Protein chains: 2
Amino acid sequence: MTEDLSAIFSPERLSGGGPGPLYVKLRRTLEEAVKIGRLKQGDALPPERDIAEFAAVSRVTVRKAIDDLVAEGILVRRHGSGTFVTKPVSKVEQRLSQLTSFTEDMARRGMTARSEWLHKGIHTPSPDEMMILGLAAGTKVSRLSRLRIADDQPLAIEHASVSGEFLPDPAVVTTSLYAELEKRQVRPVRAVQRISATNMKESDAGLLGVPVGAAGLSIERISYLGSGRAVEFTRSLYRGDAYDFVAELTIGAT
Amino acid sequence: MTEDLSAIFSPERLSGGGPGPLYVKLRRTLEEAVKIGRLKQGDALPPERDIAEFAAVSRVTVRKAIDDLVAEGILVRRHGSGTFVTKPVSKVEQRLSQLTSFTEDMARRGMTARSEWLHKGIHTPSPDEMMILGLAAGTKVSRLSRLRIADDQPLAIEHASVSGEFLPDPAVVTTSLYAELEKRQVRPVRAVQRISATNMKESDAGLLGVPVGAAGLSIERISYLGSGRAVEFTRSLYRGDAYDFVAELTIGAT
DNA sequence: TAGTGGTCTAGACCACCCG
DNA sequence: GGGTGGTCTAGACCACTAT
């Protein structure tokens, strides 16, 4: 084992590893070791203290190099246990051109999907909600927040707002919001989504089990009835490492 | 000024700021100060050494707190100058349901778009390229990589691969790849995109002028002719803080 | 030149996991 | 209990920016 260690982390290799600060050289050395398969998926790195000793740098410098690779998703730390090369999770694919519910979608691909409710309640609408859902003064809005879990892995956080007119009591929703809306004959038929990428904040990262700053897909969706009336306004945050959206495009009339 | 400093960073406030390590408390304090407008967009933070002194913690701890907020995109550091509250960049919106070229798209919204070529060349196709573009053995592929810049701000990195049959000499492409393909009557009419979020690696982050680990939208696109033949395979990486994709959905036939 | 962030050290102690 | 990562310190020097 000691041979392997010094082979990867020898001070000679670091000094010859191009320009830049020590932690950058060390980061590149580690990255390279993973890329060429010298360190394989699931492998444990040597303890930080050992790396520091063999590379002749301080432990703080080792941690800084590892910090960056954790932020890039290449390594994962497990407190009290060690640091490991990330095993890529198999990505869930979501068809962007179809409006489906999470529950239905996961069932269709044979995955066990469940949710943990974070919140259900009736509220006075925020200015955003009034604008987007077209609410009159004095009306209420139902808010439903949940953690989406597929095959026991947290996948997304979802905050939905529905006009109180269409869903007066959010407590009746147990699994699929869309199924409940369908029951009430107000299932949306069209939606507009806005997709962007964002670095996760502490609270969201905690719920999804990823490090602070991990990349997430942020999706805002507004769903409409056939009449053009807005029904639902949902903000979701998907784990970037676990979700793929697939969209089909056609040539655009300008 | 000193009053403001101690008002925000007093040790009392930190100790009363909930549970967790010092740098987490300090991070929350800073985050709160930004959220409630105590620190406004573009404002400079006090020097790290001053914060450390007033909060009665070491400078390393201050840096760790700031590190996290930089990773979340809330603060930006400028070497030799100071640390500042981020001014949000206005996001570019891209319609997902239409297949347009970057150049055409930016022109339509009145922005000055340009590109810097990172690479143009003819290569032996990779296994991926052979599969996706349906290349026969012995054929070549044109690769074009460029940095997309809108209003003097780097926005995306794009790596395009086109079958040599359709584009034997990539040097002829100067501005719009699609315009060139149209000239050759092989402009695609349909495409499939795969969208995910990822934390940027050093090289990409450097080109786009964002910190390592910043969130990016990763988009893989395969474009097809009317005949169903694949023309182009493009991998792009967009700055997550500067790009929004908008998609319209309709109810899906299962 | 003065002030700021960037890197780095050596050492300490805490918190968690596992045999 | 032994080993691992997590936090924290005090101090040093370097690199960049503004004036």
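A quick note: this is a predicted structure, and the numbers were derived from the prediction, not measured. In what follows, every chain begins at residue 1, and chains take the letters A, B, ... in the order their sequences are listed.
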Working for ring-ring contact (aromatic ring centres under 6.0 Å, His included), residues F245(A) and Y238(A): CA-CA 10 Å; F245(A) 277 85; Y238(A) 289 81; 5.6 Å; yes
Upstream residue (5' side of DNA chain C) when L45(B) and T61(A) are each assigned their closest nucleotide: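 Nearest nucleotide further toward 5': that of L45(B).
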Nearest-nucleotide 5' precedence on DNA chain C, R59(A) against T83(B):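 The residue whose closest nucleotide sits nearer the 5' end is T83(B).
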Euclidean distance, atom [atom1] of residue [X] to atom [atom2] of [N] [Å, nearest integer]:
X      : N       : atom1 : atom2 : answer
I66(B) : dG6(C)  : CD1   : C1'   : 12 Å
L26(B) : dT7(D)  : CG    : C1'   : 14 Å
L69(B) : dG5(C)  : CG    : C1'   : 16 Å
K64(B) : dG6(C)  : NZ    : C1'   : 16 Å
I51(B) : dT9(D)  : CD1   : P     : 14 Å
R77(A) : dC17(C) : CZ    : C1'   : 16 Å
R27(A) : dG6(C)  : CZ    : P     : 14 Å
L22(A) : dA10(C) : CG    : P     : 11 Å

S161(B) backbone acceptor or donor facing R235(B) side chain under 3.5 Å: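 Absent.
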Test item: N199(A) side-chain N/O and A215(B) main-chain N/O as donor-acceptor pair under 3.5 Å: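 Yes.
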Side chain of [X] only, please: which of [options] is the nearest?
X      : options                  : value
P21(A) : dG6(C), dT7(D), dT7(C)   : dT7(C)
S58(B) : dG6(D), dA12(D), dA10(D) : dA10(D)
R49(A) : dC8(C), dT4(D), dT9(C)   : dT4(D)
V60(B) : dG6(C), dG6(D), dG11(D)  : dG11(D)
H79(B) : dG5(D), dC8(C), dG6(C)   : dG6(C)

Any R63(B) side-chain N or O less than 4.0 Å from OP1/OP2 of dG6(C):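 Yes, such a contact exists.
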Below 4.0 Å: OP1/OP2 of dC8(C) and any side-chain N or O of Y23(A):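 For Y23(A), the contact criterion (side-chain N or O under 4.0 Å from OP1 or OP2 of dC8(C)) is not met.
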Verdict with reasoning, S236(A) to Q193(A), per side chain to side chain contact (heavy atoms under 4.5 Å, CB included): CA-CA 10 Å; S236(A) 307; Q193(A) 287 197 154; over 6 Å; no
Rounded distance [0.5 Å steps], CZ in R49(B) versus CD in E53(B):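 So the CZ of R49(B) and the CD of E53(B) are separated by 12.0 Å.
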